[in-house]
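Note that ligands are numbered from 1 as they come in the structure, with each ligand's atoms numbered from 1 the same way. No hydrogens, no waters, no symmetry mates; every other heavy atom, side chains included, goes into these values. Small disclaimer: the values here were computed from a predicted structure and weren't measured.
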Amino acid sequence: MDKPIGVMDSGVGGLTVVRELNRQLPKEEIVYFGDTLRCPYGSRSPEEVKDYTWEMTKFLQNLHVKMLVIACNTATAFVLEEIKTELDIPVVGVIHPGARSAIKVTKNNRVGVIGTEGTINSGAYFDALKNINPDIVVESVACPLFVPMVENGSLSGLETEKTIRSSLSGFSNFDMDTLILGCTHYPLLREAIQQVVGPEVQLICSGIETAREVSTVLHHSSLLFTGEREPAHRLFTSGRPALFARMAKQWLDVPFQIEPAVLSQSMVTHVHGD
Ligand code: DGL
């Protein structure tokens with residue numbers, strides 16, 4: 001079907017999911033909304049996260065998306081089920097795909113989870129992992145400093161490593177072999193995180209498994225685009241376009257063009273690949 005897939009996040013983090021979607025479904029057009037202006041969501045109340053996520057949903061619905069990917073763990077934890085029930089198009093979140101990946105990879109059944117305060121306090125990963133395998137031992141740590149670091153483009157260097165090391169100190173007595181990056185911003189810090197936890201710990205990014213799920217859903221619902229094309233993705237941000245475009249370029253490896261657009265009262269900027 002010749003309609004785009006809608007993808008949303010509080011900022012640039014969901015681009016890590018877009019990258020995987022691009023890789024696995026190169027002909028599909030993506031319309032992305034990153035709510036950079038109101039990022040981070042992780043320290044906001046569930047009500048705020050719900051309201052903002054619904055605004056993004058409506059924005060993307062107006063662009064006639066055939067499916068919705070909530071590429072934000074915090075929003076997935078608070079509002080996925082509600083949106084799934086209300087919409088008549090398929091809706092996919094990132095928590096179950098991430099949990100499934102971790103279960104496939106772990107050998108010692110000890111899985112660490114890092115995410116925003118909202119995601120960790122919701123217990124959504126704990127529940128998802130335990131539902132799949134009750135024997136899994138889970139240790140969860142909130143890392144509220146990571147998202148601002150990513151949004152500022154501080155992906156490496158001494159300060160970044162120092163912050164990561166102190167944020168992950170809660171795992172020092174937990175012999176995990178697998179660590180879920182339970183926030184879509186964190187894969188952008190992947191190298192620095194791997195450096196801190198050591199090579200023996202497998203890092204799980206939910207993007208790969210989420211893209212697999214999107215592909216399966218599109219296939220089963222006969223929604224796949226079946227023609228030939230190199231799609232032009234459209235990326236919207238409610239924040240500063242220059243920084244967003246810089247991060248998007250770095251992560252997606254596609255050219256961008258910036259246009260203004262409007263989301264309810266706030267000005268957003270429309271960035272699309274050409
Ligand atoms: N990237 C988001 C997540 O996966 C949200 C981060 C935030 O805004 O705090 O949770």
Side-chain angles (χ1 to χ4, degrees), residues 6-21 32-57 68-80 83 91-99 101-102 112-128 140-155 163-164 167 179-190 193 203-211 213 235-240 243-244 247-248 251-252 266 268:
V7 184
M8 64 167 88
D9 179 47
S10 64
V12 294
L15 296 177
T16 61
V17 177
V18 171
R19 178 152 108 162
E20 263 314 307
L21 286 168
Y32 181 89
F33 194 95
D35 194 8
T36 318
L37 189 68
R38 300 184 291 198
C39 187
Y41 280 12
S43 48
R44 294 187 182 275
S45 68
E47 288 68 34
E48 271 181 316
V49 174
K50 274 187 189 182
D51 287 351
Y52 296 170
T53 307
W54 268 113
E55 279 185 40
M56 291 194 285
T57 299
L68 200 61
V69 182
I70 303 184
C72 172
N73 290 265
T74 317
T76 299
F78 290 141
V79 71
L80 171 69
I83 293 178
V91 183
V92 165
V94 280
I95 290 181
H96 279 91
S101 280
V113 183
I114 52 175
T116 67
E117 288 160 297
T119 301
I120 298 304
N121 293 340
S122 76
Y125 267 105
F126 182 88
D127 294 344
S140 305
V141 172
C143 299
L145 301 178
F146 288 10
V147 169
M149 260 174 0
V150 170
E151 290 287 334
N152 290 334
S154 310
L155 307 183
T163 305
I164 293 175
S167 301
L179 176 64
I180 298 178
L181 306 188
C183 169
T184 51
H185 280 70
Y186 298 177
L188 291 149
L189 295 168
R190 188 186 179 124
I193 293 173
L203 301 185
I204 303 293
C205 307
S206 52
I208 297 175
E209 194 73 14
T210 303
E213 186 167 330
L235 312 183
F236 293 83
T237 173
S238 57
R240 279 165 48 211
L243 188 58
F244 189 88
M247 296 295 286
W251 195 251
L252 293 182
S266 46
V268 295

Novice: Hey, are the side chains of Val79 and Thr57 touching, using non-hydrogen atoms and a 4.5 Å cut-off?
Specialist: no

Novice: Checking Val91 now: which residues fulfil side chain to side chain contact (heavy atoms under 4.5 Å, CB included) with it, not counting sequence neighbours?
Specialist: Leu68, Ile70, Leu80, Ile83, Lys84, Leu87

Novice: Return yes if some donor-acceptor pair links the side-chain N/O of Ser167 with the main-chain N/O of Cys143 below 3.5 Å, else return no.
Specialist: no

Novice: Flag Tyr41 as yes when one of its N or O atoms lies below 3.5 Å from any N or O atom of ligand 1, and as no otherwise.
Specialist: yes

Novice: Using a 4.0 Å cutoff against the non-hydrogen atoms of Val147, which atoms of ligand 1 qualify?
Specialist: 6 (C), 7 (C), 9 (O)

Novice: Check this for me - ligand 1, Gly42, N or O atoms closer than 3.5 angstrom, yes or no?
Specialist: yes

Novice: Report, in ascending order of atom number, the atoms of ligand 1 lying under 4.0 Å from any heavy atom of Cys72.
Specialist: 2 (C), 3 (C), 4 (O), 5 (C), 10 (O)

Novice: Rounded at 0.5 Å granularity, tell me how far CZ in Arg38 sits from CZ in Arg44.
Specialist: 7.5 Å

Novice: Do any N/O atoms on Thr116 end up under 3.5 angstrom from N/O atoms on ligand 1?
Specialist: no

Novice: Counting C-beta onward and ignoring hydrogens, is there a side-chain heavy-atom pair between Val147 and Cys183 closer than 4.5 Å?
Specialist: yes

Novice: For Tyr52, what residues pass the ring-ring contact (aromatic ring centres under 6.0 Å, His included) criterion, not counting sequence neighbours?
Specialist: Tyr41

Novice: Applying a heavy-atom cut-off of 4.0 Å, say which part of Cys39 lies close to ligand 1: side chain, backbone, both or neither.
Specialist: side chain

Novice: Can you tell me which residue and heavy atom of the protein come closest to atom 3 (C) of ligand 1, and the distance to 0.1 Å?
Specialist: Asn73 N, 3.2 Å

Novice: Decide whether the shortest distance between a heavy atom of Gly11 and an atom of ligand 1 is less than 4.0 Å.
Specialist: no

Novice: Which bit of Ser10 gets closer than 4.0 Å to ligand 1, counting heavy atoms only: side chain, backbone, both or neither?
Specialist: side chain

Novice: Heavy atoms only, cut-off 4.0 Å: how does Asp9 contact ligand 1, side chain, backbone, both, or neither?
Specialist: side chain

Novice: Quick one: nearest non-hydrogen protein atom to atom 1 (N) of ligand 1, plus distance?
Specialist: His185 ND1, 2.7 Å

Novice: Just wondering, do Leu243 and Thr36 contact through their side chains at under 4.5 Å, heavy atoms?
Specialist: no

Novice: Please write down residue, atom name and distance for the protein heavy atom closest to atom 10 (O) of ligand 1.
Specialist: Thr74 OG1, 2.7 Å

